[in-house]
Colleague: 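Shown below is the structure under consideration.
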Amino acid sequence: MIVPENTALVLLAAGKSERFGLSDKLTEMFLGQPLGLHVVTALEAVPFAKRIVVKDGVKLDYAARGYEVVHNFAPEQGLSLSVRLGIQAARGEGVDAVLIALADMPRITATQIHRLFEAEHGPDTVVASSDGISPKPPALFGRGRFDALEAMQGDTGARDMVLAGRHVVTTPDELIDVDTQEELEELLAKFGQVRGR
């Protein structure tokens, strides 16, 4: 049985963020804290076996929040390199699964994470979140999928594996990821905020 206590959280916080522009989107303020720390706060009460962040130059101090920091020095190689680095760090005694989450998804809740665990089905588990249209992270992968995750190349991540897996539907608002400055401004507007104030 896969439970948080035998699962490693792998938080992906590396990427070129070309669509966002010159600033580091994860350090942009949202509801009183940097965008890239919201998922950290949301999941801090989930009792993961270990917490790993794969990052490049982002200045946020994940280590201070209990994360093992793995550096991705070549984010231009695509998402799959971050996934591989995360899986390599997660492997170890007592780790039967990984939960892959993205640092630029600030509305993720612990409730959704627990619902992913409720849908697990053993070592070959692949359970992703969905907005009712397409599957997205966060996604849970059993140990039987680690080798396939480590073999991935390019920027598509585990898309094919996720499409063939189980999907747990939640609200589209929970699965918002911030890729552009316009998306950040739209998200802030939902909460009556304006960027830069």
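Throughout, numbering of the chain's residues begins at 1 and tracks the sequence. These values consider heavy atoms only, across backbone and side chains, with no hydrogens, waters or symmetry-generated copies.
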Colleague: Do F141 and I2 have side chains that get closer than 4.5 Å, going by heavy atoms?
Modeller: no
Colleague: Test salt bridge (charged side-chain N to carboxylate O under 4.0 Å, His left out) on D147 and R91 and set out the steps.
Modeller: CA-CA 10 Å; D147 289 347; R91 283 185 185 269; 2.6 Å; yes
Colleague: Can a donor-acceptor pair be found, under 3.5 Å and without considering hydrogens, that links the side chain of H71 to the backbone of G57?
Modeller: no
Colleague: What is the distance from atom CG of L184 to atom CG of D179, rounded to the nearest 0.5 Å?
Modeller: 11.0 Å
Colleague: Can you tell whether the side chains of K59 and D24 come within less than 4.0 Å, N to carboxylate O?
Modeller: no
Colleague: Measure across A103 and V39 and return the closest heavy-atom pair with its distance rounded to 0.1 Å.
Modeller: CA-CG1, 4.1 Å
Colleague: Go through the steps to decide whether F30 and V178 satisfy the test side-chain contact (heavy atoms from CB on, under 4.5 Å), and finish with yes or no.
Modeller: CA-CA 11 Å; F30 172 60; V178 177; over 6 Å; no
Colleague: Please report the shortest heavy-atom distance between V58 and A13, naming the atom on each side.
Modeller: CG1-O, 3.8 Å
Colleague: Does P34 reach the side chain of L26, with side-chain heavy atoms less than 4.5 Å apart?
Modeller: no
Colleague: What distance do L11 atom CG and M105 atom CE have between them, rounded to the nearest 0.5 Å?
Modeller: 11.0 Å
Colleague: Of all heavy-atom pairs between N72 and A74, which one has the smallest distance, and what is that distance?
Modeller: OD1-N, 2.9 Å
Colleague: Would you say that Y67 contacts V40 through its side chain, given a criterion of any heavy-atom pair below 4.5 Å between the two side chains?
Modeller: yes
Colleague: Locate the shortest heavy-atom distance separating L140 from A97; write the atom from each residue and the value.
Modeller: CD1-CB, 4.1 Å
Colleague: Could you give me the CA-CA distance, side-chain angles and deciding distance for D173 and R107, then say whether salt bridge (charged side-chain N to carboxylate O under 4.0 Å, His left out) is met?
Modeller: CA-CA 7 Å; D173 278 353; R107 303 301 297 155; over 6 Å; no
Colleague: For T170 versus E174, what's the shortest heavy-atom pair and its separation?
Modeller: OG1-OE1, 2.9 Å
Colleague: Does any non-hydrogen side-chain atom of L9 lie less than 4.5 Å from one of V46?
Modeller: no
Colleague: Report the distance from atom CE of M152 to atom CE of M161, rounding to the nearest 0.5 Å.
Modeller: 6.0 Å
Colleague: Mind checking whether V69 and I52 have side chains closer than 4.5 Å, heavy atoms only?
Modeller: no
Colleague: Where is the tightest heavy-atom contact between P106 and I176, given as atom of each residue plus distance?
Modeller: CD-O, 3.8 Å
Colleague: Between V10 and L12, is any pair of side-chain heavy atoms under 4.5 Å apart?
Modeller: yes
Colleague: Assess, by modelled atom type and distance only, whether the side chains of R65 and T41 contain a donor and an acceptor separated by less than 3.5 Å.
Modeller: yes
Colleague: Starting at CD1 of I100, measure out to CD1 of I87 and round the result to the nearest 0.5 Å.
Modeller: 5.0 Å
Colleague: Mind running side-chain contact (heavy atoms from CB on, under 4.5 Å) on R145 and D124 for me, showing each step along the way?
Modeller: CA-CA 6 Å; R145 304 292 184 160; D124 289 327; 3.9 Å; yes
Colleague: Is K136 close to D131 at the side-chain level, that is, under 4.5 Å between some pair of heavy atoms?
Modeller: yes
Colleague: Say you draw a straight line from CD of Q153 to CG of L81; how long is it, rounded to the nearest 0.5 Å?
Modeller: 8.5 Å
Colleague: With heavy-atom distances below 4.5 Å as the criterion, would you say the side chains of M29 and L35 are in contact?
Modeller: no
Colleague: Does any N or O in the side chain of K50 come within less than 3.5 Å of the main-chain N or O of E68, such that one atom is a donor and the other an acceptor?
Modeller: no
Colleague: Starting at OG1 of T109, measure out to NE2 of H114 and round the result to the nearest 0.5 Å.
Modeller: 9.0 Å
